[in-house]
Q: 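Before I ask anything, here is the structure I am working with.
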There are 2 protein chains.
Amino acid sequence: MFKTHDIAMKSYQPRLLQDDLYSIPIDAFFKSAFSVDCVIFGYHEAELKVLLIQRGTEPFENYWALPGDLVYPNEDLDSAALRILNDLTSLTNIPIKQVKTFGKVDRHPLGRVITIAYLALVEPTDLAPHASSWARDTRWHPIAEVPQLAFDHQEILEVSLEELRSRILHEDLWSKVLPAKFSLTQFQELFETILGKTFDKGNFRKKVVKYKFLQKLEEAQRGVSHRPSLLYSFDAKRYQEMKANGFSFEF
Amino acid sequence: MFKTHDIAMKSYQPRLLQDDLYSIPIDAFFKSAFSVDCVIFGYHEAELKVLLIQRGTEPFENYWALPGDLVYPNEDLDSAALRILNDLTSLTNIPIKQVKTFGKVDRHPLGRVITIAYLALVEPTDLAPHASSWARDTRWHPIAEVPQLAFDHQEILEVSLEELRSRILHEDLWSKVLPAKFSLTQFQELFETILGKTFDKGNFRKKVVKYKFLQKLEEAQRGVSHRPSLLYSFDAKRYQEMKANGFSFEF
DNA sequence: AAAGCTTTTTGTATAAATTACAATTAGTGT
DNA sequence: ACACTAATTGTAATTTATACAAAAAGCTTT
C-alpha cells in the first residue's frame with residue numbers, strides 16, 4: 001500500500017500514474033499541492049515527547065520526519081490533521097490547533113508543496129499497528145533528543161513547540177493528557193514540563209484555584225505514604241465561559 | 001488585463017487557456033490551488049479601517065472582498081502577501097504577519113482553493129493607480145462599517161482583527177503607523193483604538209516608560225495651545241532585545 | 001503682563017497581586 | 001507513638017496596579 005503523498009511526489013515529473021486506493025485523481029496533485037504535517041506531542045509523567053516517523057521513500061529516505069500527508073480534494077484541513085493523528089495513534093476526539101503554514105518555494109525538493117502544520121498534545125499511547133504502513137518506523141522521541149529531520153521539519157517543530165508553550169493555557173490542549181481526576185501536583189508538573197520552568201507549589205496552587213476552571217472533588221488520593229492529595233477535575237464548561245469573557249490566563 | 005486568480009477559476013472546469021502576462025503555466029493551477037489573502041488594516045488619527053476591493057468578476061461579482069491572489073509557483077508565501085500589499089498601496093518594507101490558513105472544502109464555489117491569510121497595519125495611503133486594474137473598486141472601509149463580503153472573507157477578517165488585537169504589542173506591526181517622532185498621547189490613542197478600550201493616562205504612561213522600548217527625545221511638540229508633549233521614537237533594537245529575552249508586553 | 005484655558009506630566013495614597021518561605025496537616029511505615 | 005513525606009494552608013514583605021489629584025508649560029484672552 002502506498003499513500004497519496006508518495007504518488008504526488010512521483011508524479012511531479014509529469015508521468016501518467018494510476019489513481020491510488022483512495023481513488024483520488026492523480027492530476028489533482030500535479031505541480032503544486034498542499035499537505036498537512038502534525039506535530040503530535042506526547043506527555044506522560046513529566047516527560048514531553050514528539051511522535052516521528054522514519055521515511056521509507058525518497059526524498060529524505062531514512063530520515064525522521066513529522067507525520068503528514070497531502071490533503072485530499074474533498075477533505076477539510078482540520079479533518080486531514082485528525083486523520084493523520086488517528087492513523088498513527090487510533091485516537092479520536094483530540095483537540096488540535098493549526099500552527100502555521102510553511103511555504104518556501106524550495107522547501108520540498110520534488111515540487112511546490114506547502115504544508116499546514118497542526119499540533120496536538122496526547123498521552124503517548126501504543127502506536128496503531130496501522131502506523132507501520134506509513135513508514136519504516138514510528139516512534140516517540142523525547143523532545144530533547146530529536147534527530148535531524150527531513151525537509152523543514154526542524155523549523156516546524158520549533159515553531160510548534162513555541163506555540164504549544166504560549167497557548168497551552170488558553171486552549172484546552174492539555175485536557176487530554178491528565179486522567180479525569182488528578183491532583184494539583186500532577187497539574188503543576190504538566191505545566192512545569194511544558195513551559196520548562198518550576199513554580200512555587202503554594203503560589204501555583206493559589207493562582208490555579210483563583211481561575212476556577214478546576215472542580216474540587218470529594219475524593220482523595222489513596223495508598224500513598226504521605227498526606228494524600230485531593231483530586232480535581234477539569235470544568236470545561238466554566239473554562240469556555242471564562243474564555244468567552246476574554247479572561248486571560250497566565251502562569 | 002486579467003489576473004492569475006481569474007484564470008485559475010475559469011480553468012477549473014477543464015478548458016485550454018493561454019498563459020497570462022506573468023507567463024505562469026495554466027495547468028499549475030488545475031483543480032486545486034492556494035492563494036494568499038491580505039487583511040490590510042489602516043490606522044490614522046484614532047480610526048481603524050480595512051482595505052477592500054470590489055470584485056469585477058464572478059464568482060461574487062460586485063461583492064466586496066479582501067485583496068488576494070493565487071501564489072505563483074516560484075514565489076514564497078510572504079512574498080505573495082507583500083506583492084499584493086505593494087500592488088494596492090505601493091508600500092514596501094511593511095511588517096506582515098501570517099494569521100491562519102482557511103481551507104474548508106467548499107469555501108470557493110469553483111474549486112478547491114485554500115487561502116493563507118496575512119495581516120498588516122499601515123497608514124491609509126492614497127491607493128496606487130495600479131490598484132484599479134485589480135477590481136471594480138478599491139476602498140478603505142471603517143472597521144465598523146464593513147459590507148457583506150465574498151467567500152469566507154467575513155470570518156477571515158474577524159480572525160485577523162482578533163489576531164491584530166492580541167499580537168499588536170508583541171509584534172512590531174504598529175511601528176509603521178506612527179510618525180518617526182510621536183507623543184505618548186498618540187501612542188496611547190493607537191492602542192486604545194485597536195484594542196477598543198481606554199486607559200488612564202498617567203498609568204498607561206508609566207507602564208510604557210517601564211517597558212523602555214520608547215526613546216525620549218529632546219524635542220517637544222510645537223504650536224499647540226496647551227502644554228506641548230515631549231516626543232518619543234521607537235527603539236526597534238531594544239524592542240527586539242527584549243522580545244528575544246522573552247519579555248512579555250501587555251496592556 | 002496677568003489670568004485663564006487646555007492638555008501634558010508628575011505625584012500619591014490605596015488596593016491588589018506576587019513572592020518567598022514557614023507552619024500545619026494527613027496519611028503511611030517502623 | 002513517633003518518624004517521614006508530601007499536601008495544604010498561612011503570613012509577612014514586596015511589588016504592581018488603580019484611581020485620582022496636583023503641578024507644569026505652552027497658547028489665548030483680557
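A, B, ... follow the sequence lines: proteins, then strands. Residue 1 opens every chain.
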Q: Measure from CZ on A/Phe249 to C1' on C/dA17 and round the result to the nearest Å.
A: 17 Å
Q: Under a 4.0 Å heavy-atom cut-off, which of residues 209-228 of chain B touch DNA chain C?
A: B/His226, B/Arg227, B/Pro228
Q: May I have the distance from A/Asn203 (atom CG) to D/dA12 (atom P), rounded to whole angstrom?
A: 15 Å
Q: Of all of residues 177-195 of chain A, which get a heavy atom below 4.0 angstrom from DNA chain D, listed by number?
A: A/Thr185
Q: B/Lys206 NZ to C/dA13 P: how many Å, rounded?
A: 12 Å
Q: Is the gap between the ring centers of A/Phe234 and A/Trp174 under 6.0 Å?
A: yes
Q: Using the ring of each side chain (for Trp, its six-membered ring), is B/Phe187 parallel, tilted or perpendicular to B/Phe204, with breaks at 30° and 60°?
A: tilted
Q: Could you pull out all residues at least two apart from B/Thr185 that satisfy side chain to side chain donor-acceptor pair (under 3.5 Å)?
A: B/Lys201
Q: Do the ring centers of A/Phe213 and A/Phe249 come within less than 6.0 Å of each other?
A: yes
Q: Would you say the ring centroid of B/Phe182 lies under 6.0 angstrom from that of B/Tyr232?
A: no
Q: Ring centroids only, cut at 6.0 angstrom: are B/Phe191 and B/Phe199 within range, meaning strictly under it?
A: no
Q: Nearest to the side chain of A/Lys207 - C/dT18, D/dT8, C/dC21?
A: C/dT18
Q: Whole angstroms only, please: what is the CZ-P distance between B/Phe199 and C/dT9?
A: 18 Å
Q: Under a 3.5 Å distance rule, please check whether B/Thr193 uses its side chain to pair with a backbone N or O of B/Glu189 as donor and acceptor.
A: yes
Q: Given atom CZ of B/Arg205 and atom C1' of C/dT7, what is their separation to the nearest angstrom?
A: 10 Å
Q: Measure the distance from CZ on A/Phe204 to P on D/dT8 and round it to the nearest whole Å.
A: 13 Å
Q: Tell me if the centroids of the rings in B/His141 and B/Trp64 come within less than 6.0 Å of each other.
A: yes
Q: Between C/dG11 atom C1' and B/Asp200 atom CG, what is the distance in whole Å?
A: 13 Å
Q: Rounded to whole angstroms, how far apart are CZ on A/Phe251 and P on C/dT19?
A: 13 Å
Q: Please name the residue in the list B/Lys104, B/Arg107, B/Lys100 that meets the salt bridge (Lys or Arg N to Asp or Glu O under 4.0 Å) test with B/Asp152.
A: B/Arg107
